[in-house]
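These notes are about the structure you will find just below.
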Amino acid sequence: METLRDIVVYIHLIGFAVLFGAWLVEAVARRIRFTRLMSVGMTIAALTGFALAAPWGIEYELNYVKITVKLVVLLVIGALLGIGGGRQKRTGSLPPALFWAVGVLTLLNAGLAVIWR
């Protein structure tokens, strides 16, 4: 069971990497836009995060406060991607604040996972 949980953690990290990597590519290229790959990465991270929030294959108590905070941050990222993506389709542009917020919140979520025990 521990091996399966480790595989889910690995896929969770891949989801984060896809989301942040796609965002970073756009930031470095100075293109303020959301891509489909960002949404795919967020979805992978969300689905595997839900699976990791279940108390299976571990001998320790889960930190439900941490899980809740990370879920709220993920929901905000998803909302920003959805709102920004819709606006981007309608007007062809994206407010820079939405774009930068997604990058900062993605790093915040990763930081919470690593630093908060």
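Here, residue 1 is the first one in the sequence, and each next residue gets the next number. Just so it is clear, the values below take in all heavy atoms, side chains as well, and ignore hydrogens, waters and symmetry mates.
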Distance (rounded to the nearest 0.5 Å) between [X] [atom1] and [Y] [atom2]:
{"X": "L24", "Y": "M38", "atom1": "CG", "atom2": "CE", "result": "9.5 Å"}
{"X": "I44", "Y": "L13", "atom1": "CD1", "atom2": "CG", "result": "12.0 Å"}
{"X": "L107", "Y": "L112", "atom1": "CG", "atom2": "CG", "result": "11.0 Å"}
{"X": "Q88", "Y": "L94", "atom1": "CD", "atom2": "CG", "result": "5.5 Å"}
{"X": "L62", "Y": "I67", "atom1": "CG", "atom2": "CD1", "result": "4.5 Å"}
{"X": "T43", "Y": "L19", "atom1": "OG1", "atom2": "CG", "result": "9.5 Å"}

Indicate, with yes or no, if [Y] and [X] share a hydrophobic cluster defined by side-chain heavy-atom contacts under 4.5 Å among Ile, Leu, Val, Met, Phe, Trp and Tyr.
{"X": "L108", "Y": "L74", "result": "yes"}
{"X": "I11", "Y": "L47", "result": "no"}
{"X": "V18", "Y": "Y10", "result": "yes"}
{"X": "V8", "Y": "F50", "result": "no"}
{"X": "V9", "Y": "I14", "result": "no"}

Measure across [X] and [Y] and return the closest heavy-atom pair with its distance rounded to 0.1 Å.
{"X": "I32", "Y": "P96", "value": "CG2-CA, 3.8 Å"}
{"X": "L37", "Y": "A22", "value": "CB-CB, 4.0 Å"}
{"X": "A113", "Y": "K66", "value": "O-NZ, 3.2 Å"}
{"X": "L80", "Y": "A101", "value": "CD1-CB, 3.7 Å"}

Min side-chain heavy-atom separation [X]-[Y] under 4.5 Å:
{"X": "T106", "Y": "M42", "value": "no"}
{"X": "N109", "Y": "F16", "value": "no"}
{"X": "N63", "Y": "R117", "value": "no"}

Backbone N or O of [Y] within a donor-acceptor pair of the [X] side chain at under 3.5 Å?
{"X": "T48", "Y": "A45", "answer": "yes"}
{"X": "E26", "Y": "T35", "answer": "no"}
{"X": "R5", "Y": "L52", "answer": "yes"}

### Message
For V73, run the side chain to side chain contact (heavy atoms under 4.5 Å, CB included) check against L75, I77, L71 and tell me which one passes.
### Response
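In the set L75, I77, L71, the residue that makes a side chain to side chain contact (heavy atoms under 4.5 Å, CB included) with V73 is I77.
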
### Task
Take the angle between the ring planes of W23 and F99 and call it parallel below 30°, perpendicular above 60°, tilted in between.
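Parallel, since the angle between the ring planes stays under 30°.
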
